[in-house]
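To start, the structure itself, in structure tokens.
Quick note: residue numbers are just sequence positions, from 1. Small disclaimer: the values here were computed from a predicted structure and weren't measured.
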Amino acid sequence: MILPGLLDPALVAAARAESVIICRGDRGKIDGLIPAGKDEDDDVVLRRYLCIHFPHKVSSLARDLARLPAAVQPLTEIIGPNVKMMQSMLFIKSEGKPGQAWHQDETHIPTRDRSLTAVWIALDDATIENGCLWVIPGSHRAGVLYPDRDQDDPRFDCTREAYGFHYREQDAVPVELPAGAALVFDGYLLHRSLPNTGRHGMRRALVNHYMSAESLLPWFPPREREPMGTTDHRDILLVAGEDPYAFKGTVDLMRPHIRPDGEGGCIR
């Protein structure tokens, strides 16, 4: 589902400015980030990075955008009245930066009830040339998670690729979005992006992952003597309704960090 104009022009401008502040290291510690010098140009600093994970941990604006009513209200219709967020990502993706191979988000963030939903917000116009998302419509409906494997395709970063599905490359469609619009999609949907082949410019996007607060999140293996069935990652942000597991409390485990872009090879 596409949400046109999720961010108005003022919010788009604020989010772009915030991306510069985050990448300069002025919002707090981000693992792998090189603090920018006072005289370094903003564009030079931005072009160092492909993606920053968990920007909402250091940016109040990123947290506010994650709870934006215009984004959360459709989620309550899709997921249910109680919604939590567990991950945010800030993509910069300047010219020459790679894309991401075919994958399904639920492979990496497993919910118990198939409720994982992404909101992908364009901060710049996302076009075929600069590496917009490609999706395979309907690929989520079967509820099948396909196997994945390491890949060394130079078009992509180090993320593993899904394989073994019956869909063809020609089944994929590009999702071009103007700045401020958002794509909402299911965690089982096959999607990918290609490199930014533009001569100049970036394809910035803020991506948030949500799920039902009524579902446990077994994101990591259980602790010693903990049953798999009750394993639950509690580094979450409630964005709508109530948290039935609020009695567990929340934790601060995930650290903001730079995603490797594959330059120089991937560390497996």
Side-chain angles (χ1 to χ4, degrees), residues 29-32 50-59 62-63 65-67 71-72 75-76 78-80 82-91 100-120 140 143-150 157-162 184-192 205-260 266-268:
K29 179 175 173 54
I30 297 174
D31 292 348
L50 172 64
C51 177
I52 296 174
H53 284 245
F54 304 105
H56 74 281
K57 296 274 189 160
V58 296
S59 167
R63 289 193 297 276
L65 293 178
R67 295 179 289 211
V72 172
L75 291 173
T76 61
I78 296 166
I79 295 174
N82 304 317
V83 181
K84 61 187 177 184
M85 184 189 86
M86 82 298 292
Q87 177 172 255
S88 62
M89 297 183 293
L90 173 63
F91 283 91
Q100 195 171 358
W102 288 116
H103 65 284
Q104 296 165 287
D105 291 342
E106 277 264 8
T107 296
H108 306 284
I109 308 174
T111 68
R112 293 283 299 275
D113 61 353
R114 291 178 52 186
S115 63
L116 187 67
T117 304
V119 178
W120 196 102
H140 63 292
V144 174
L145 287 178
Y146 298 100
D148 68 343
R149 61 192 175 194
D150 290 337
D157 68 11
C158 297
T159 306
R160 292 165 64 90
E161 68 173 352
V184 182
F185 60 95
D186 188 275
Y188 278 70
L189 186 74
L190 284 162
H191 60 289
R192 76 171 182 186
L206 181 63
V207 187
N208 297 319
H209 285 105
Y210 304 88
M211 62 180 286
S212 170
E214 296 159 13
S215 174
L216 303 181
L217 175 58
W219 204 352
F220 298 99
R223 295 168 294 184
E224 186 177 358
R225 302 183 65 82
E226 181 183 29
M228 189 70 230
T230 57
T231 299
D232 190 20
H233 179 73
R234 292 295 299 170
D235 192 347
I236 55 139
L237 178 68
L238 188 72
V239 300
E242 299 179 353
D243 180 3
Y245 298 101
F247 63 89
K248 296 182 177 183
T250 57
V251 295
D252 184 12
L253 291 176
M254 310 302 281
R255 304 262 56 86
H257 63 271
I258 301 297
R259 172 190 287 191
C266 295
I267 299 173
R268 303 300 186 191

Please test Ile52 against Ile258 for side chain to side chain contact (heavy atoms under 4.5 Å, CB included), starting from the C-alpha separation and ending with a verdict.
-> CA-CA 5 Å; Ile52 296 174; Ile258 301 297; 3.5 Å; yes

Working to the nearest 0.5 angstrom, can you tell me the gap between [X] [atom1] and [Y] [atom2]?
X	Y	atom1	atom2	value
Asp235	Phe54	CG	CZ	7.0 Å
Leu90	Arg259	CG	CZ	11.5 Å
His191	His103	NE2	NE2	3.0 Å
His53	Asp31	NE2	CG	12.0 Å
His209	Leu217	NE2	CG	12.0 Å
Gln100	Thr159	CD	OG1	4.0 Å

Step by step, work out the side chain to side chain contact (heavy atoms under 4.5 Å, CB included) result for Tyr146 and Leu190.
-> CA-CA 9 Å; Tyr146 298 100; Leu190 284 162; 4.1 Å; yes

Tell me whether [X] contacts the main-chain N or O of [Y] through its side chain, where contact means a donor paired with an acceptor under 3.5 Å.
X	Y	value
Arg67	Val72	no
Thr117	Ser115	yes
Ser215	Arg112	yes
Glu106	Gly143	no

Tell me, yes or no, whether the heavy-atom count around Glu242 atom CD, taken from other residues, nucleotides or ligands under 6.0 Å, exceeds 12.
-> no

Charged tip of Arg234 within 45° of Tyr245 ring normal and under 6.0 Å | no

Shortest non-hydrogen contact from [X] to [Y]?
X	Y	value
Lys248	Leu216	NZ-CD2, 3.6 Å
Pro218	Pro110	CD-O, 3.2 Å
Glu226	Asp232	OE2-N, 4.4 Å
Asp148	His108	OD2-CE1, 4.1 Å
Asp105	Phe185	OD2-CE1, 3.5 Å
Ala66	Val239	O-CG1, 3.9 Å

Listed by chain and number, what are the ring pair (Phe, Tyr, Trp, His ring centres under 6.0 Å) partners of His56, not counting sequence neighbours?
-> none

Across all chains, not counting sequence neighbours, the ring pair (Phe, Tyr, Trp, His ring centres under 6.0 Å) partners of His140 are none

Check ion pair Asp252-Lys57 (N to O, under 4.0 angstrom) = yes

Check: Leu253 and His233 side chains under 4.5 Å, non-hydrogen atoms | yes

Determine whether Leu206 and Pro55 make a side-chain contact, defined as any pair of heavy atoms from C-beta on separated by less than 4.5 Å.
-> yes

Evaluate the criterion side chain to side chain contact (heavy atoms under 4.5 Å, CB included) for residue pair Trp219 and Ile109; output intermediate values, then yes/no.
-> CA-CA 6 Å; Trp219 204 352; Ile109 308 174; 3.7 Å; yes

For Arg225, the side chain to side chain contact (heavy atoms under 4.5 Å, CB included) test, sequence neighbours excluded, returns none

